[in-house]
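These notes are about the structure you will find just below.
Here is the naming used below: chain letters follow the sequence lines, and residue numbers restart at 1 for every chain. As a basis for the values below, the full set of heavy atoms in this structure was taken, side chains included, without hydrogen atoms, waters or symmetry mates.
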Amino acid sequence: MPEELGKTYQPNDAEARNYAFWMEGGYFKPAGDPQKPPYTIVIPPPNVTGQLHLGHAFDNTLQDVLIRYKRMDGFPTLWMPGTDHAGIATQIRVEAELRKTEHVSRHDLGRDAFIRRVWDWKEKYGSRIVEQLQKIGASCDWDRLRFTMDEGLSRAVREVFVSLYEKGLIYRGNRITNICVSCQTALSEAEVEYEDTEGALYYVKYPVTSPESADPAGDAYIVVATTRPETMLGDTAVAVHPEDERFAKLVGKTVLLPLTDREIPVIADDYVERDFGAGVVKITPCHDPNDYEVAKRHNLPELLIMTTDGKINQNGGKYAGLTREEARKAVLRDLEEGGYLLKTDPHRHNVGTCARCHKPVEPMASDQWFVSMKKLAAPAISAVKDGRVKFVPERFEKLYLHWMENVRDWCVSRQIWWGHRIPVWTCEDCGEIIVPREDPVACPKCGGKNLAQDPDVLDTWFSSALWPFSTLGWPDNTPDFERFYPTDVLVTAYDIIYLWVARMIFSGIEHTGKEPFHTVYMHGLLRDQFGKKMSKSAGNGVDPLEMAEQYGTDALRLYLATLATLQGGDMRFVPAHCEHFRNFCNKLWNASRFVLASLGDTDEWTLPDSLTLPDMWIVTKLQTLIYDVTGHLDRYELNLASQKVISFVWDDFCDWYIELAKLQLRNPATADATRQILCYTLEIALRLLHPFAPFITEEIWQCLPGGVREGAALIAARWPSPEHRLRFEHEAAQTELLMDTVRAVRARRNEMKVPPGKKAAWLIETPHTELFGSHAEIFRSLAAAGEIRIVPPARDDAQTPSPESGEGLVRIVTSGAVITLPLDELVDIAAERERRQKERLSVETEIKVLEIKLNNPGFTEKAPERVVSRERERLAELKERMERLS
RNA sequence: GGAGGCAUAGCUCAGCUGGUAGAGCACAUGCUCCACACGCAUGGGGUCACAGGUUCGAGCCCUGUUGUCUCCACCA
C-alpha cells in the first residue's frame, strides 16, 4: 500500500496491484459457506482470438458485479471462464493473415497444416482476451479456464452428436440451405440477417413453344418477373395461379427458357400471387426455398447451377465459370440483345446476408447435417412457460417462445476446416455409415479399413450450446459438474437469444435432464453517442481498455453499471460521461484520505454507544442504503444499486456528514465517537461499492485500521445487512430539520449576494428550542451564523422583535423554524417585499390544492391511510408556515 | 405482413407497488475555509409525444394516433 495517499486517485497502479493480490490469494475460487448452495455463472465465451470490445466490457462487468456480490454474501461462488473457437470468424481471420503475410491460401497449405496454423494463432492470441478481461476486473476462476476445442469439450461435443444420431435426432438431408459464397460454407437460419436492399424487378419473356399455342392472338410468350435473372439458368418450370384466368389455357403447355435450348412446363400452383409482378413465377428448385417446395409438389427436375463459391457451374452452359454478379450482367445483356427483356422496375426487397461477412447468401440445394428440432424444442418451451427458466426483463420470453415454437431444423454442418470435425465415417468398401464415440480403425460391418471421415465441421454454436455443462466436466460426472450444475444466471445481450441461449436450454434439458440456469439476464447493445451501432468498418467503436486507461477501470465499470437498466433496449455510450465516475472515484478517494487522517493512529474500533444526531442520521441513512442496494441487486437493477451507493457517498457522506464531523472532531466530547462513525460508514460503503468498483474500494479498505476490517481482503468481506438497532428515524428527521435550515439560509444569502465570509446574527423562532440550541455550532460553521438567539415562536404579544418591525430584516421560513437575519445594509427592500409576496402566493396555492384534495371524500375514503395522513401533515405544516409568513 | 421497445430539462438518461417530476453533463452566480477545482455552495430550465379512457389521484394502467428503433416473416 502506498505510504501517503495522494490528492488524486491513481488507478493504474492500484488496479494491477490489487488484481495480483486477489489472484495470489485465490479469492476467485469457490469458497464461502459450504452449507449454502453454490452460485455459478458461466461466461459467454469470447472468440479466442478476439479483442475485448465495449460489449464484452459491459456484459462482463454485469457478471462480475453479480459474482462479487454473491461471493461477499457468503455463497460458494464460481464464475466459469472460457473462450470459443469461433469457427468461421477465426478461420477467416487466419486466412486473411496468411494471405497478407505469406501470400498463401488455406488450400495451398492443406487441411492439416492450416489447422496447425490456426492452433498456433490460438496459442499466440488466446491469452490476450483473458488478460483483457482481467484488466477490467473479472473475477473468474482462471484455473478452470476452458476452450471449446480442448479435449474435454471436444469429448462432450462428440458424445452429444453421437447420442443425438442414435436417437434419430441428427440426420443428413438435401435441402435448400443458405450458403455464404464468400465464407464458402452453409449457415443456419439464425446466422442469416436480412437487409433491405434496392434492387430491380426484371420482366422477361419466355416464348410459348407448345405447337397448338402458336396463336397469333398474342400467346407467343409469357412474361415472368424476377429479381435474380441469373438463376433462370436453373429454371425447370414457370408457375401461375390455378385460378388465374389470364393464364389458364397455358397451363400444361411448355415454354422455351431463353438463352438455353430447354423447354420447361407451365404449371399451376397457389403459391403464386396473382397481383405481384407479372403473376407468373419462374421455378428454380435448387436456388429458392419456395421453388424447391413447388418442385417437390410437381415432381419437377432439380437443376443446380451454382457452386458453393458463387460461380455458375457446368449446368449453366456458356455462363459456366462466371461469378453470380458477372452472370447476372451477362444474362441481362443477352436477354436484352435477344429481345427477351420486356422492362425493368426498381424494387426494394430483403436480401439475406451472412451474419459474419454481410455478403448476400445464396440459397442452394445441398447435402447437410441437420438437428431435428421438434422433439428438442417441446421441453425447452415448457421450461420457460412453467417458469423454470425466467427471462429478465420478462418480455424476452416472448421472443424466445415465438422462435422456439416455430423453430426449423438446425443445419449444423459447415464446410470449413476450423472446428469440431463431424464424427461420421463412411466405409468405402461396403458403404456403411459409422457414427462412433471413439475414432474407428475398421468398418464394424465388413472390417474394411478404407474409412473416409466427413470433411465438414460442426457449427460453432453446436459446442457453445453445451457450454454450461461441458465446461464443468460433462459427460463425466465430475465433482464440479455435480456441485455447480445447473448454473444460476446467464448474462448476455438479446441478440444471441436464438443463436445461443435457446440452444443451451434445449441442449441442457436433453443431455443433462436439467435446465442449465434458472435466470437469463438480458441486456441491450451498446451504441455510440449518436445511437449508431458500433462497428469496425464505421470506425466508431470505443475501446474499453482505452477508457479504463484514461479514466480508471472502476470509473468505466460504474458508468457501465448505470447503463444497465431493465427498461429500455439499446444504450448510448458517451465516452465523456466516464468523467463523472472518475470524479466520483476521486471523491471517494479524498473522503477516505480525510477519514484516515482524522483517525490518526488509533487502531481500536468499536461502534460507540453515544451518538450525536448527525451520527444517527448518517447511520440510519446507511441502513436504508444497505437494504436498498441489496434489493436492487437481487432484482438485477444494477443501475439503481450503483446510483444509490454513489449518491450516498457523495451527497450524504461527503457533502454533509464529513462537514458535520469536522465540527464534532473539534469537540473532545464527540471526537472519538465521530472517528468511529466515519470509519464505520466508510467501511460499509466500501463493501457496498466493491462489486461495482472493486479496485479503488480494495485499495482504500486495505488502508483502514485492522479493527474495522474483518478478514484479509474486501473482496472476501461479508456483504452487509441492515441492523435494526442502528435505525434512528426520529433523530434522523431532527437532523434533517437542521440541514433544511442550513440549506434555506445558504440559499437566501446566495440569492441576496451576501458575501460568504460575512457573518450575520440569527434570531431563530422555533418550537424545537432545545434542538436548535444544542446544534447552533452547525449554523455558525455551515451557514455563516454569528450571534444566535433562539426563542419559541411568538404567538401573540410582541415581546420578541417583531418581524414586521424592521424593513431591513430578512425572514427565512424553513420546515422547523423561522430565521430572521438583520441584513439591513444588504437588503433591497422592494425586492424583499416582492419575494415575500411570491412565497406567500405559492404557499397559498399549495394550501388550496391540498384542501380541495382533502375535502374530497373520494380521496379521504379511498386513498390509503398513510397517504391521507401524510397529506394532512403537509397541510398543517403549510398552514403553520403561512402563519409565520404573514 | 406480424410482434415488440422507445418518446420525460438544451444533451444523455433514471423514475420502485399509481400518491409533491429526478440525476449527470451543459448553463448562470458566488466561493483558493486545513479530504477533494476530478472540488464546494446556490440557481434557472418540464404541457412527462398527441387524443381519449379507468381512478379520489396517471409520467406510470387501458384504447387510439403520430414519430422512431428493433426483431420475426419473405412476394419471385
Side-chain angles (χ1 to χ4, degrees), chain A residues 5 7-9 194 201-202 224-228 231 238-239 271-273 275-278 280-284 288-291 347 349-352 393 395-396 398-399 402-403 406 494-495 497-498 524-525 527 529 531 551 555 559 562-563 565 567-574 576-577 579-598 628 631-632 635 637 639-640 643 646-647 651 654-655 658-659 662 742-743 746-751 753-757 781-783 846 849-850 853 856-864 866-868 870-871 874:
Chain A
L5 303 184
K7 265 191 168 188
T8 48
Y9 169 58
Y194 290 89
L201 195 55
Y202 302 95
V224 169
T226 178
T227 54
R228 305 196 49 204
T231 61
V238 297
Y271 148 70
V272 180
E273 289 287 330
D275 304 332
F276 187 86
V280 184
V281 185
K282 60 198 258 322
I283 299 299
T284 321
D288 182 282
N290 292 308
D291 293 7
H347 180 61
H349 62 136
N350 276 334
V351 173
R395 65 190 161 88
F396 288 108
K398 268 186 236 147
L399 277 180
H402 181 260
W403 189 75
N406 298 288
Y494 64 76
D495 61 339
I497 290 186
Y498 313 134
L525 306 171
R527 294 166 170 273
Q529 53 188 317
Y551 299 106
Y559 180 30
T562 64
L563 289 173
T565 65
Q567 308 307 324
D570 295 350
M571 304 131 292
R572 297 179 190 208
F573 184 93
V574 185
H577 285 3
E579 254 174 58
H580 174 245
F581 299 92
R582 177 204 57 188
N583 293 354
F584 169 73
C585 289
N586 198 239
K587 187 76 180 171
L588 173 69
W589 182 254
N590 277 290
S592 306
R593 283 174 64 216
F594 174 81
V595 172
L596 290 169
S598 66
D628 287 350
H632 288 314
R635 292 189 298 274
E637 297 161 345
N639 60 323
L640 298 179
Q643 277 163 17
I646 290 174
S647 157
D651 305 337
C654 292
D655 289 349
I658 286 188
E659 293 309 316
K662 284 175 183 171
V742 169
R743 267 190 286 258
R746 275 174 178 171
R748 186 70 75 76
R749 285 178 57 111
N750 201 292
E751 188 185 324
K753 305 204 188 306
V754 181
S781 167
L782 300 187
E846 252 187 289
V849 168
L850 264 181
K853 199 172 182 182
N856 179 352
F859 174 70
T860 46
E861 282 161 27
K862 292 186 184 173
R866 59 181 187 88
V867 175
V868 177
R870 195 175 25 182
E871 298 292 53
R874 240 186 90 217

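- Minimum interatomic distance between A/Phe276 and A/His347 (heavy atoms only, all atoms of both residues): CZ-CE1, 3.7 Å.
- Across all strands shown, A/Cys654 has heavy atoms under 4.0 Å from base atoms, whether or not it also approaches the sugar-phosphate.
- Within the 4.5 Å cutoff, the side chain of A/Asp655 has heavy atoms near those of the A/Lys587 side chain.
- Among the nucleotides B/G4, B/U42, B/A76, the one closest to the side chain of A/Ala747 is B/U42.
- Phosphate contact (OP1/OP2 of B/C36, side-chain N/O of A/Lys587, threshold under 4.0 Å): absent.
- A donor and an acceptor atom sit less than 3.5 Å apart, one in the side chain of A/Lys662 and one in the base of B/A35.
- For the C1' atoms, the distance from B/A21 to B/U47 is 13 Å, rounded to whole Å.
- Considering NE2 of A/His577 and CD of A/Gln529, their distance stands at 8.5 Å, rounded to 0.5 Å.
- What separates CH2 of A/Trp589 from P of B/C38 is a distance of 17 Å, to the nearest Å.
- For the pair A/Lys7 NZ and B/C36 C1', the computed distance is 8 Å after rounding to whole Å.
- For the pair A/Asn290 CG and B/C74 P, the computed distance is 7 Å after rounding to whole Å.
- Here the closest non-hydrogen pair linking A/Thr562 and A/Asn639 is O-CB, 3.4 Å.
- For A/Tyr494, the ring pair (Phe, Tyr, Trp, His ring centres under 6.0 Å) test picks out A/Phe396, with sequence neighbours left out.
- A/Tyr9 meets the ring pair (Phe, Tyr, Trp, His ring centres under 6.0 Å) test with A/Trp589; sequence neighbours excluded.
- For the pair A/Phe584 CZ and B/C40 P, the interatomic distance rounds to 12 Å; values are reported in whole Å.
- A/Asn750 has its CG atom 8 Å from the P atom of B/U42, to the nearest Å.
- Between the P atoms of B/A58 and B/G19, the separation comes to 11 Å (whole Å).
- Of the candidate nucleotides B/U42, B/A76, B/C36, B/A76 has the atom lying nearest to any side-chain atom of A/Phe276.
- Between the base of B/A35 and the side chain of A/Glu659 there is a donor-acceptor pair shorter than 3.5 Å.
- Remark: the separation of the P atoms in B/U63 and B/U54 is 15 Å, to the nearest Å.
- For the OP1/OP2 pair of B/A76 and a distance below 4.0 Å, the side-chain nitrogens and oxygens of A/Thr227 include no atom meeting the criterion.
- Between the side chain of A/Asp288 and the backbone N or O of A/Ile283, no donor-acceptor pair lies under 3.5 Å.
- B/A49 sits 15 Å from B/C60 when the C1' atoms are compared, rounded to a whole Å.
- Listed nucleotides: B/C36, B/G15, B/G4. Nearest to the side chain of A/Asn586: B/C36.
- The side chain of A/Thr8 approaches B/C38 more closely than any other nucleotide in the set B/A14, B/G4, B/C38.
- Rounded to whole Å, the P atom of B/G24 lies 39 Å from the corresponding atom of B/U65.
- Set against B/C31, B/C16, B/A35, the side chain of A/Ala591 has B/A35 as its closest nucleotide.
- Donor-acceptor pairing under 3.5 Å, judged by distance alone, is present between the side chain of A/Asn350 and the base of B/C74.
- Residue contacts for A/Leu563: at a heavy-atom cut-off of 4.0 Å it reaches no nucleic acid atom on any strand shown.
- Rounding to the nearest 0.5 Å gives a distance of 6.0 Å between CG of A/Asn586 and OG1 of A/Thr8.
- Aromatic ring orientation, A/Trp403 versus A/Tyr498: parallel (interplanar angle below 30°, classes split at 30° and 60°).
- Among the heavy atoms of the strands lying under 4.0 Å from A/Tyr498 are primed sugar atoms or P, OP1, OP2 only; no base atom is included.
- Rounded to the nearest Å, the gap between the C1' atom of B/C6 and that of B/C50 is 16 Å.
- Looking at heavy-atom distances under 4.0 Å, A/Asp655 makes contact with sugar-phosphate atoms alone, never a base.
- Nucleotides B/U17 and B/U12 have their P atoms positioned 27 Å apart, rounded to a whole Å.
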Show the distances under 3.5 angstrom between N or O atoms of the protein and N or O atoms of nucleotides 19-27 of chain B.
unit_1	atom_1	unit_2	atom_2	d
B/G19	O2'	A/Arg870	NH2	3.0

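- A/Tyr271 comes within 4.0 angstrom of a nucleotide base, judged by non-hydrogen atoms across all strands.
- One finds the CD atom of A/Gln643 at 12.5 Å from the CG atom of A/Asp628 (value rounded to the nearest 0.5 Å).
- A straight line from NZ of A/Lys753 to P of B/A41 spans 18 Å, rounded to a whole angstrom.
- For the pair A/Arg572 and A/Leu399, both in contact range of RNA chain B, the more 5′-proximal nearest nucleotide belongs to A/Arg572.
- Residue contacts shown for A/Arg582 include a base, since a base heavy atom lies under 4.0 Å away.
- Taking atom C1' in both B/U55 and B/C61, the straight-line distance is 10 Å, to the nearest Å.
- Every stem involving RNA chain B, taken as at least 3 paired positions in a row under the Watson-Crick or G-U wobble test at 3.5 Å, is listed here: B:1-7 with B:66-72, B:10-13 with B:22-25, B:27-31 with B:39-43, B:49-53 with B:61-65.
- Annotation: ring pair (Phe, Tyr, Trp, His ring centres under 6.0 Å) contacts of A/His580 (sequence neighbours excluded): A/Trp650.
- Judged by distance alone, with hydrogens and angles left aside, the side-chain atoms of A/Arg749 form a donor-acceptor pair with the main-chain N or O of A/Pro755 at under 3.5 Å.
- What separates NE2 of A/His347 from C1' of B/C74 is a distance of 10 Å, to the nearest Å.
- Closest heavy-atom contact between A/Arg572 and A/Tyr559: O-OH, 3.7 Å.
- Summarising the geometry, atom CD belonging to A/Glu659 is positioned 7.5 Å from atom CZ belonging to A/Phe594; distances are rounded to the nearest 0.5 Å.
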I'd like a table of atom pairs between the protein and nucleotides 67-70 of chain B - only N or O on both sides, under 3.5 Å - with the distance next to each one.
none

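- A distance of 4.0 Å separates NZ of A/Lys282 from OG1 of A/Thr226, quoted to the nearest 0.5 Å.
- Whole-Å rounding puts the A/Ile497 CD1 to B/G4 P distance at 15 Å.
- For the pair A/Ala278 and A/Thr562, both in contact range of RNA chain B, the more 5′-proximal nearest nucleotide belongs to A/Thr562.
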